[in-house]
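Residue numbers run from 1 in the order of the sequence given.
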Amino acid sequence: MKILLTNDDGYRAPGIQILYETLRSYHEIILAAPDREKSAVGHGITLNEPIRIDKINLNGGGEGYAVTGTPADCVKLGLFKLCTTPPDLVISGINPGSNTGVNINYSGTVGAAREAALNGLSSMAVSVKRGKTVDFQGMSRFIGDLVDKVCDYGLPAGTFLNINAPDISLDDVRGVKITRQASNNLSKQFEKRIDPKDRSYYWYDSINQVDGEPDTDVNALSQNYISITPIQCDITDYKAMRELSGLTWKQI
């Protein structure tokens, strides 16, 4: 299988390096990742400056590409400039830190997988919750087993998988849950600090919220399950569309 591999933490990040080593024994891997960390850039693309690509040597002896742009840029360039034929699958990750619920809207990891799905390719975003244990090795093995299932199943057009693991050894995971995106983990907290010149500044204060509804991604992680959430690129509210179509509009 031909797989395009990217992330939002940069090509040097351990998650993508370990996943590359796991997959390259069985698949053709093209690694195209940011040249530095690009976390929380969402689905942004680079418009007002040039994007440069450098060929780099990876720890395992293979070669990849470092891209000065965003994760979505990496996918676009991978598909249209670096791959001579389209890949069978695009994987974004493994990200250290979960991308669940509302947070998928900000995630560069998810943005890269969404870009692939927009271009008609099967894709997945892969993350591990940051905490006691970040088991990249275990998650890499899990993804290695999953890629064949995903390609055999064939995701619907415009749909990709958002996959998250809890902060424990994968050997201790209770199982896999197919989940929906939680809606109540919106970050609203800031930590206020004072700099040496007595001026205020702020950091986002990350508070882990536990969703009580058993079918959400946030709740699955809190119960030590791997969460797999199918995400659609089409964000149209079709119910509201039907309701609005029934309204009477003033002639313009």
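- Between Ile16 and Gly10, the closest heavy-atom pair is CG2-O, 3.8 Å.
- Listed by chain and number, the residues in a salt bridge (Lys or Arg N to Asp or Glu O under 4.0 Å) with Asp88 amount to none (sequence neighbours excluded).
- In terms of the side chain to side chain donor-acceptor pair (under 3.5 Å) criterion, Thr159 has no residue partners (sequence neighbours excluded).
- A chain of hydrophobic side-chain contacts below 4.5 Å, direct or via other Ile, Leu, Val, Met, Phe, Trp or Tyr residues, connects Phe142 to Ile178.
- Nearest heavy-atom pair, Cys74 versus Ala32, reported as atom, atom and distance to 0.1 Å: CB-O, 3.4 Å.
- Defined by atom type and a distance below 3.5 Å, a donor-acceptor pair is present between the side-chain atoms of Thr179 and Ser227.
- The shortest side-chain heavy-atom distance between Val176 and Ile228 falls under the 4.5 Å cut-off.
- Atom CD1 of Ile194 is surrounded by more than 12 heavy atoms from other residues, nucleotides or ligands within 6.0 Å.
- Not one N or O on the side chain of Asn224 forms a donor-acceptor pair closer than 3.5 Å with the backbone of Arg174.
- From Cys233, atom SG reaches atom CG of Leu118 across 4.0 Å, with rounding to the nearest 0.5 Å.
- With rounding to the nearest 0.5 angstrom, the CD1 atom of Ile29 is 7.5 Å from the CG atom of Leu19.
- Defined by atom type and a distance below 3.5 Å, a donor-acceptor pair is missing between the side-chain atoms of Asn219 and Thr216.
- Comment: Asp215 engages Arg180 in a salt bridge, judged by a side-chain N to carboxylate O separation of less than 4.0 angstrom.
- Atom OH in Tyr238 sits 12.0 Å away from atom OG in Ser245 (nearest 0.5 Å).
- Not a single salt bridge (Lys or Arg N to Asp or Glu O under 4.0 Å) links Arg242 to another residue, sequence neighbours left out.
- Listed by chain and number, the residues in a salt bridge (Lys or Arg N to Asp or Glu O under 4.0 Å) with Glu49 amount to none (sequence neighbours excluded).
- Qualifying side chain to side chain contact (heavy atoms under 4.5 Å, CB included) partners for Val134, counting only residues two or more places apart in sequence or in other chains: Val128, Phe136.
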Next on the checklist: Pair Asp145, Ile143 - check side chain to side chain contact (heavy atoms under 4.5 Å, CB included), show working.
Outcome noted: CA-CA 5 Å; Asp145 292 335; Ile143 296 302; over 6 Å; no

Q. Taking it one step at a time, do Asp148 and His27 satisfy side chain to side chain contact (heavy atoms under 4.5 Å, CB included)?
A. CA-CA 11 Å; Asp148 291 329; His27 306 284; 4.0 Å; yes

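- Screening Asp8, Asn7, Val126 for a side-chain contact (heavy atoms from CB on, under 4.5 Å) with Asn95, the sole residue that qualifies is Asp8.
- Side-chain contact between Asp73 and Pro34 is absent, with no heavy-atom pair separated by less than 4.5 Å.
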With side chain to side chain contact (heavy atoms under 4.5 Å, CB included) as the criterion, how do Thr84 and Lys2 come out once you've worked through the C-alpha distance, each side chain's angles and the decisive distance to 0.1 Å?
CA-CA 11 Å; Thr84 54; Lys2 186 175 183 179; 3.9 Å; yes

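- Once rounded to the nearest 0.5 Å, the distance linking OG1 of Thr22 with CZ of Arg141 reads 8.0 Å.
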Notebook entry, point to check: What's the verdict on side chain to side chain contact (heavy atoms under 4.5 Å, CB included) for Glu63 and Ile56, showing C-alpha distance, side-chain angles and the deciding distance?
Noted result: CA-CA 6 Å; Glu63 291 183 338; Ile56 45 96; over 6 Å; no

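- Contacts classified as ring-ring contact (aromatic ring centres under 6.0 Å, His included) and involving residues 169-196 (residues at least two apart or in different chains) are given here: Phe190-Tyr204.
- Neither side chain, Thr6 nor Ser92, offers a donor N or O lying under 3.5 Å from an acceptor on the other.
- Contact record, Arg12 with Asp35: NH1-O, 3.5 Å, taken as the closest heavy-atom pair.
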Taking distance alone, no hydrogens or angles, what donor-acceptor pairs closer than 3.5 Å link side-chain atoms of residues 160-171 to residues at least two apart or in another chain?
{"residue": "Asn162", "atom": "ND2", "partner": "Asn99", "partner atom": "O", "Å": "2.8"}
{"residue": "Asn164", "atom": "OD1", "partner": "Asn99", "partner atom": "N", "Å": "2.8"}
{"residue": "Asn164", "atom": "ND2", "partner": "Asn99", "partner atom": "O", "Å": "3.1"}
{"residue": "Asp167", "atom": "OD2", "partner": "Lys132", "partner atom": "N", "Å": "3.3"}
{"residue": "Ser169", "atom": "OG", "partner": "Asp171", "partner atom": "N", "Å": "3.2"}

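- Of all heavy-atom pairs spanning Ala240 and Asp237, the tightest one is N-OD1, 3.0 Å.
- Side-chain atoms of Thr70 come within 3.5 Å of backbone N or O of Gly44 as a donor-acceptor pair.
- Scored by the side chain to side chain contact (heavy atoms under 4.5 Å, CB included) test, Glu37 finds Asp9, Ser39 as partners (sequence neighbours excluded).
- Under the salt bridge (Lys or Arg N to Asp or Glu O under 4.0 Å) criterion, Lys192 pairs with no residue at all, not counting sequence neighbours.
- Counting only distance, with no hydrogens or angles, the side chain of Gln17 and the backbone of Tyr11 share a donor-acceptor pair below 3.5 Å.
- One hydrophobic cluster holds both Ile18 and Met124 under the rule that ILVMFWY side chains link at heavy-atom gaps under 4.5 Å.
- Taken from CG in Leu31 to CG in Leu5, the straight-line distance is 5.0 Å, to the nearest 0.5 Å.
- In the hydrophobic clustering, where aliphatic and aromatic side chains (Ile, Leu, Val, Met, Phe, Trp, Tyr) are joined below 4.5 Å either directly or transitively, Ile51 groups with Leu4, Ile30, Ile53, Tyr65, Val67, Val75, Leu77, Leu79, Phe80, Leu82, Val90, Leu121.
- Here the shortest heavy-atom pairing between Gly144 and Leu23 reads CA-CD2, 3.9 Å.
- Atom CD of Gln181 is separated from atom CD of Gln232 by 11.0 Å, given to the nearest 0.5 angstrom.
- Of the possible donor and acceptor atoms, none in the side chain of Asp152 sits under 3.5 Å from a partner among the backbone N and O of Lys149.
- At distances below 3.5 Å, at least one donor-acceptor pair connects side-chain atoms of Asn119 with backbone N or O atoms of Glu115.
- Qualifying side chain to side chain donor-acceptor pair (under 3.5 Å) partners for Lys55, counting only residues two or more places apart in sequence or in other chains: none.
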Which is it for Thr133 and Asp135 under the side chain to side chain donor-acceptor pair (under 3.5 Å) test, yes or no, and what are the steps along the way?
CA-CA 6 Å; Thr133 301; Asp135 188 359; over 6 Å; no

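- A donor-acceptor contact shorter than 3.5 Å is absent between the side chain of Ser127 and the backbone of Ser98.
- By the criterion of side-chain heavy atoms lying less than 4.5 angstrom apart, applied directly or through intervening Ile, Leu, Val, Met, Phe, Trp or Tyr residues, Val102 is not grouped with Val110; the two fall into different hydrophobic clusters.
- In this view, Arg193 and Glu191 satisfy the side chain to side chain donor-acceptor pair (under 3.5 Å) rule, not counting sequence neighbours.
- Taking every heavy atom of both residues into account, Lys177 and Pro214 meet most closely at NZ-O, 4.1 Å.
- Remark: Tyr153 OH is loosely packed, at most 12 non-hydrogen atoms of other residues, nucleotides or ligands lying under 6.0 Å away.
- No single ILVMFWY cluster, assembled from side-chain heavy atoms under 4.5 Å apart, contains both Val150 and Tyr26.
- When hydrophobic clusters are built by joining Ile, Leu, Val, Met, Phe, Trp and Tyr residues whose side-chain heavy atoms come closer than 4.5 Å, directly or via intermediates, Leu221 is not grouped with Tyr106.
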